[in-house]
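Here's the structure, in structure tokens; my notes come after.
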Amino acid sequence: MSKPKESIRKLARQFGFELAGLLPIEPAQTISAYAHWLQAGYAGEMAYLKRHLSLKRDPREIFPETRTILCLAINYHTRDVPEPLHNDPTRGRIARYAWGKDYHHVLRKRMEQLLAAIQREIHCKGRLCVDSAPLLEREYAYRAGIGWFGKNTNLIHWKLGSWLFLCEILLDVTLPPDVLPLRGSCGTCTRCVTACPTGAILPDLTLDASRCISYLTIELKGSIPRDLRPQMSNWIFGCDVCQEVCPWNRRAPRSQEKAFRPRSALLAPRLTRLLSLSKKQFREMFRESPILRTKRRGFLRNIAVALGNAGHSDSIQSLQRSLCDEEPLIRGHAAWALGRISGRIAQDVLNQARQTETDPCVRDEIVQALDETDS
Ligand code: B12
Ligand code: SF4
Ligand code: SF4
């Protein structure tokens, strides 16, 4: 390979990576900001982020031979949800990134192929990283010119927008740096800050992840704080509000990646239908999907919250069935939803459940829900 950097970018494109940049290995520059963020409690219950602190100081902690980082980005902007479905609160909203196949697997496969192609040109070894690796992905991607830090904390590329997945290949060879020209900025725009339903984007432009709907619906394993539930509207897995309002995404091109094409069932599924999923049906419906991460209990918890926010009496029957679910987490959130729907029938259903419920947390939810139906 006479000019490896050019060929690597070309190869990256062949394997679907629209953006690629090469950086010489260096320790992370924003690790103290990361440590402060953890200290402030913004990571909520994501304990793995605390465990990663020392490893994130330098990528050589995960691959000591690293000489060069190949930063990559792939576009996942496929299509939009048709307007009538988009505005229907009885349907769930799923973040765009989860409409197709799990990107962790898709990107890993692509990176394996890319690394093999690089190895045909240069004698080298590489370590593949995507998302879960203890690496400050946004910092390195920023340094490679993939995008700037938007106020919503996402990396934005002036042409592709922010619907981008990031990943990296750590290489044990020294290659000439090749950084993309960084263009664009947020300027005076604050749309995402204003639009965020839970006020998770802080004035210092960091994110209080413990308030972010993405965290609440995906990462949080237990009960969703009651004060945040009404603000989640019908988001049942992740949230895209701060990216949907971003002007840099208005002209974002469509992704060509087949694996990210949405499954039609995930564009705007009916909430009551999802609430009846058994464990087996859940596993089948979400095979190869990132949604498996929440497990059925987390997913149905989210659906109950969305039904409470929709506030339609048509869903009382489905929620009543969920009050008998084997998972206390689902029963508790179903009770909350019935409290939000309110009215005589919801009240009767809750009173019945109070007679038989033995779990103290669920009982507490029922009592509070009944208080709400009274007021
Ligand atoms: C934990 C996590 C979350 C948490 C916390 C998010 C957050 N903003 O911190 C939750 C669950 C909320 C989340 C949500 C989402 N996530 Co997430 N998440 C991660 C993960 C695993 C770690 C991020 C982290 O460490 N956060 C802590 C903060 C403090 O670190 P940071 O954001 O990386 O910022 C550091 C540096 O970038 C730098 N920095 C920050 N600002 C600035 C500004 C300047 C000028 C400079 C120089 C440096 C700098 O300092 C920070 C501290 O070191 C990364 C993958 C990874 N390994 O990095 C994916 C990742 C950030 N997530 C991603 C995605 C797609 C999402 C969602 C869009 C999914 C969804 N639709 O629901 C949302 C977006 C929500 C949002 N507004 O951020 C993508 C982002 C791609 C992009 N274009 O930026 C990543 C990179 C995964 C991937 N491999 O593609 N996520
Ligand atoms: S993903 Fe949603 S909740 Fe999280 S910061 Fe963005 S708009 Fe706010
Ligand atoms: S909405 Fe505005 S402030 Fe927020 S990331 Fe986009 S350009 Fe920046």
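Start at 1 and go down the list; that is how both ligands and their atoms are numbered.
Across Y215, F149, Y97, heavy-atom proximity to atom 40 (C) of ligand 1 is greatest for F149. The nearest non-hydrogen atom to atom 82 (C) of ligand 1, considering only T217, L155, L160, comes from L155. The closest non-hydrogen atom to atom 71 (N) of ligand 1, taken over C239, A73, G238, G150, comes from C239.
Residue contact check: Q243 has heavy atoms under 4.0 Å from atoms 68 (C) of ligand 1. For ligand 1, the atoms sitting less than 4.0 Å from at least one non-hydrogen atom of E219 are 11 (C), numbered in the order shown with element in parentheses. Numbered from 1 in the order shown, with element, the atoms of ligand 1 that lie under 4.0 Å from a heavy atom of C242 read 77 (N). Atoms of ligand 1 lying under 4.0 Å from at least one heavy atom of S162, given by number and element, are 83 (N). Contact atoms of ligand 1 toward L164: 81 (C), 82 (C), 83 (N) (distance under 4.0 Å to a heavy atom of the residue). Within ligand 1, counting atoms from 1 as listed, the ones closer than 4.0 Å to a heavy atom of K56 are 25 (O).
Note: no N/O pair closer than 3.5 Å links Y103 and ligand 1 by distance alone. Taking any N or O of D240, backbone or side chain, at least one lies under 3.5 Å from an N or O belonging to ligand 1. In terms of polar-atom proximity, E137 is counted as a contact of ligand 1, with an N or O under 3.5 Å from an N or O of the ligand. Some N or O of D131 is nearer than 3.5 Å to an N or O of ligand 1, by distance alone. Any N or O atom pair closer than 3.5 Å counts here, and L136 shares no such pair with ligand 1. Checked against a 3.5 angstrom limit, the closest N/O atoms of I218 and ligand 1 fall outside it.
Contact annotation: C192 places an N, O or S atom under 2.8 Å from atom 4 (Fe) of ligand 3.
Nearby protein atoms of type N, O or S around atom 4 (Fe) of ligand 2 amount to 1 (distance under 2.8 Å).
Between H52 and Y48, the angle of the ring planes goes over 60°, which puts this pair in the perpendicular group of the 30/60° scheme.
Separation of the Y103 and Y76 ring centroids does not fall under the 6.0 Å cut-off.
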